[in-house]
Number of protein chains: 2
Amino acid sequence: MKPTVHDIARSAGVSLATVDRVLNGRPGVRRITQEKVEEAIAVLGYVRDVAAANLAKGRTYAFTFVLPENDNSFMIGLREEVEQAVGRSGAERTRIRVVDVPPFDGQALSTMLEGVLAERPDGVAFVAVESSDVQAAVARLREAGIAVVTLVSDLPGSQRHHFAGIDNHAAGRTAANLLGRFLSGRDGRVAMVAGSMLVRDHRERLEGFLSVLSEDFPRLAILPVIEARDDPAIAEELVTGLFRRYPDVIGLYSLGAGNRGILKAVRSLPEARRPVIIAHELTRSTRAALADGVVDAVLNQDAGHEVRSAIRVLKAKADGLPVIAAQERIRIDIFLKDNLP
Amino acid sequence: MKPTVHDIARSAGVSLATVDRVLNGRPGVRRITQEKVEEAIAVLGYVRDVAAANLAKGRTYAFTFVLPENDNSFMIGLREEVEQAVGRSGAERTRIRVVDVPPFDGQALSTMLEGVLAERPDGVAFVAVESSDVQAAVARLREAGIAVVTLVSDLPGSQRHHFAGIDNHAAGRTAANLLGRFLSGRDGRVAMVAGSMLVRDHRERLEGFLSVLSEDFPRLAILPVIEARDDPAIAEELVTGLFRRYPDVIGLYSLGAGNRGILKAVRSLPEARRPVIIAHELTRSTRAALADGVVDAVLNQDAGHEVRSAIRVLKAKADGLPVIAAQERIRIDIFLKDNLP
DNA sequence: GAGAATTTGAGGTACGTAAATCAAATTTAT
DNA sequence: ATAAATTTGATTTACGTACCTCAAATTCTC
């Protein structure tokens with residue numbers, strides 16, 4: 001049978017109260033007694049029953065998720081995952097609140113974070129925008145003892161505890177590797193469509209992509225990056241213009257959202273002129289495009305994993321516990337038409 | 001505040017005991033009373049606190065994992081994941097026992113399953129071998145009310161409750177897609193190395209691989225499959241022989257284990273003659289080969305996910321609860337040198 | 001060695017649910 | 001209408017841990 005606190009009290013020859021004091025770091029225990037208890041814990045292999053402990057504590061965690069009001073499928077999906085987490089919040093002893101901010105707007109984000117600070121939650125998760133205001137807001141959150149996690153897009157210079165998202169540099173490199181190999185032997189231009197260079201995830205993807213492409217696939221000419229603000233309508237217009245200007249685009253890397261618009265523009269091309277496409281995020285439109293061959297590969301970050309990981313980390317940080325980095329690493333999923341889930 | 005059984009008792013105007021009877025399907029409640037209670041549950045949005053319930057029940061689940069005594073890295077890794085689950089068993093209210101069987105031996109496996117049956121665990125997980133003896137053993141396990149899950153390799157005709165593994169057909173198709181595109185434009189032969197055609201996972205991978213290759217990449221000639229019993233030494237010998245016989249092998253799909261041997265054989269070739277390689281399972285040797293360019297892509301099934309999923313399913317089945325299929329789907333991970341974890 | 005300070009013990013209550021007992025109330029059958 | 005059967009209520013104990021109080025024992029200080 002699994003040992004309980006009673007067992008270690010008996011084994012160490014002390015009372016339950018003393019075991020409790022040692023276990024929960026309460027004062028009033030001599031060094032010698034503490035060591036006796038700790039030895040008993042080690043010998044019996046005692047591990048705290050977390051479920052029972054939580055039940056007894058009745059602690060709940062108040063977390064706030066700050067999400068951009070983007071209307072692309074990925075952000076909508078992310079929001080849904082957060083909503084689902086809200087739905088589970090009873091079972092997980094969390095109270096999760098969602099607040100909205102305008103996208104790509106550091107000013108608005110930092111103001112919102114200040115507002116969140118006033119409510120003193122136990123933790124905050126947000127999609128970062130690069131800005132010194134945001135950095136300052138994070139610093140103040142941490143000063144107030146609030147756990148801070150960036151979600152999807154990181155803010156490395158800041159005091160955030162953790163980043164729940166993929167390695168975007170690696171994602172860009174992977175995209176370049178696939179695109180380069182799929183185009184092996186051919187000459188032509190490669191285009192890139194991003195959301196905004198203000199968000200770190202897009203910048204990093206681009207960086208990784210360019211470094212591999214220029215190093216390993218020098219026969220491919222690289223066009224200047226297009227910024228479409230993750231908006232399908234803007235993307236469609238810009239990409240249509242791109243194809244008009246450059247008839248020899250043979251590869252396209254869509255590293256942001258708004259794929260719906262990009263794909264619409266591509267589909268209006270004759271089949272022979274359509275480029276090899278690597279896109280990000282498995283949504284309804286990218287999935288359909290994968291299935292019918294318009295898109296060749298999709299790199300995906302699982303929004304559900306990211307949200308659940310963020311919550312686990314916020315809990316751990318709120319309790320001052322360490323996080324197991326390997327367990328919280330978010331993977332880059334690669335989907336071809338043959339391994340669609 | 002989250003409603004408790006007390007709240008629903010008060011709200012329904014019945015006693016705690018009656019609520020308990022309804023909640024746990026105990027007899028002795030009139031239809032009308034039951035409906036009152038159920039309405040109160042719905043109105044208040046009550047959800048059972050699983051942690052508290054488990055604490056009160058003190059139920060533990062006895063599970064047995066039957067693992068083949070293969071000494072390739074994947075099986076060793078799988079075994080480690082099971083051991084880790086054993087380590088967590090205290091916290092998860094499970095008692096997991098691991099037993100060994102000789103690999104690729106239906107007779108030995110079915111005998112072992114009969115032995116497991118005698119101990120009447122709550123559930124059994126095993127790596128299937130195709131054989132009618134095994135089918136019969138599964139039928140007897142189910143008759144005895146024991147939950148049965150196949151792990152890594154399935155046994156579809158049998159009565160098993162669930163398969164915890166990847167879609168191997170899709171994996172084979174994905175491998176063919178990648179290999180075909182990486183070889184685009186080139187002519188030559190493609191070789192396949194499997195463990196054994198007796199295990200379903202290898203057969204299915206091969207099937208998927210061949211169907212895509214023959215359909216989408218007709219310029220690639222397909223060599224007969226090599227069976228190396230997932231043994232590095234055997235694989236090395238056979239692959240070395242293969243290269244001697246066919247100098248124009250430009251692609252290789254390693255769909256089983258024993259990659260260590262295959263890679264040794266490949267490394268002994270001059271660089272110019274090395275084929276494009278797609279392999280399965282991210283192990284020390286495939287990871288190293290990916291990093292230095294000997295292997296081009298690795299398809300991986302996460303053994304940890306598989307084991308944890310198997311345990312969740314066994315628990316659910318032991319309690320007669322449904323499983324959420326989408327949650328238990330094991331993904332095919334694709335690794336290139338740029339997205340290694 | 002007396003007094004103060006610290007350490008320890010004993011015991012209780014609480015968390016939310018499960019499971020049991022026994023008595024009381026209600027319904028059903030005759 | 002009465003007995004039998006069924007349904008319901010009231011109450012208790014338990015799971016493993018947290019946290020509290022108060023008294024008793026031990027150690028420390030001068």
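Every value quoted in this text rests on a predicted model; they were computed, and no experiment measured them. In what follows, chains are A, B, ... by sequence order, proteins preceding strands, each numbered from 1. In what follows, every heavy atom counts, from backbone to side chain, and hydrogens, waters and symmetry copies are set aside.
Rounded to an integer number of Å, the gap from A/Arg93 CZ to D/dA18 C1' is 13 Å. The separation between A/Lys57 atom NZ and D/dC20 atom P is 13 Å, rounded to whole Å. For the pair A/Ile8 CD1 and D/dA18 C1', the interatomic distance rounds to 14 Å; values are reported in whole Å. We find that CG of A/Asn24 is positioned 17 Å from P of D/dG16, with the value rounded to whole Å. Put simply, NE2 on B/His6 is 8 Å from P on C/dT17, counting in whole angstrom units. Distance B/Leu23 CG to C/dA20 C1': 16 Å, rounded to the nearest Å. Atom P of nucleotide D/dG16 and atom CG of B/Asn54 are separated by 12 Å, given to the nearest angstrom. In this structure, CG of A/Leu44 is placed 14 Å from P of D/dG16, rounded to the nearest angstrom.
Side chain of A/Ala52, nearest nucleotide from D/dT17, C/dA19, C/dG9: D/dT17. In this structure, the nucleotide among D/dG16, C/dG11, C/dA20 sitting nearest to the side chain of B/Ala17 is C/dA20.
Side-chain atoms of A/Asn300 come within 3.5 Å of backbone N or O of A/Leu282 as a donor-acceptor pair. Side-chain atoms of B/Thr283 do not come within 3.5 Å of backbone N or O of B/Ser73 as any donor-acceptor pair. Using a distance-only test at 3.5 Å, with no hydrogens or angles considered, no donor-acceptor pair links the side chain of B/Asn70 to the main chain of B/Asn72. Here the side chain of A/His305 pairs no donor or acceptor atom with the backbone of A/Ile330 at under 3.5 angstrom.
B/Ser11 and B/Asp7 are not linked by any side-chain donor-acceptor pair at a separation below 3.5 angstrom, with hydrogens and angles left out of the test.
Nucleotides of DNA chain D nearest to B/Val14 and A/Asp20 differ in position, and the one nearer the 5' end is that of B/Val14. Nearer to the 5' terminus of DNA chain C, by closest-nucleotide assignment, is the contact made by A/Arg21 (compared with the other of A/Arg21 and A/Leu16).
The residue B/Ala53 sits close only to the backbone: its heavy atoms come under 4.0 Å of sugar-phosphate atoms, none of a base.
B/Ser15 has a side-chain polar atom (N or O) that falls below the 4.0 Å cut-off from OP1 or OP2 of D/dG9. Within the structure, a side-chain polar atom (N or O) of A/Arg48 is placed less than 4.0 Å from OP1 or OP2 of D/dA18.
For the contact set between residues 25-32 of chain B and DNA chain D, defined by any heavy atom under 4.0 Å, the members are B/Gly28, B/Val29, B/Arg30.
Evaluation of the side-chain hydrogen bond (donor to acceptor under 3.5 Å, both in side chains) rule for B/Glu38 yields B/Gln34 as partners, not counting sequence neighbours.
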Legend entry - B/Leu23 vs B/Tyr46, side-chain contact (heavy atoms from CB on, under 4.5 Å): CA-CA, chis, key distance, verdict: CA-CA 11 Å; B/Leu23 234 37; B/Tyr46 168 82; 3.8 Å; yes
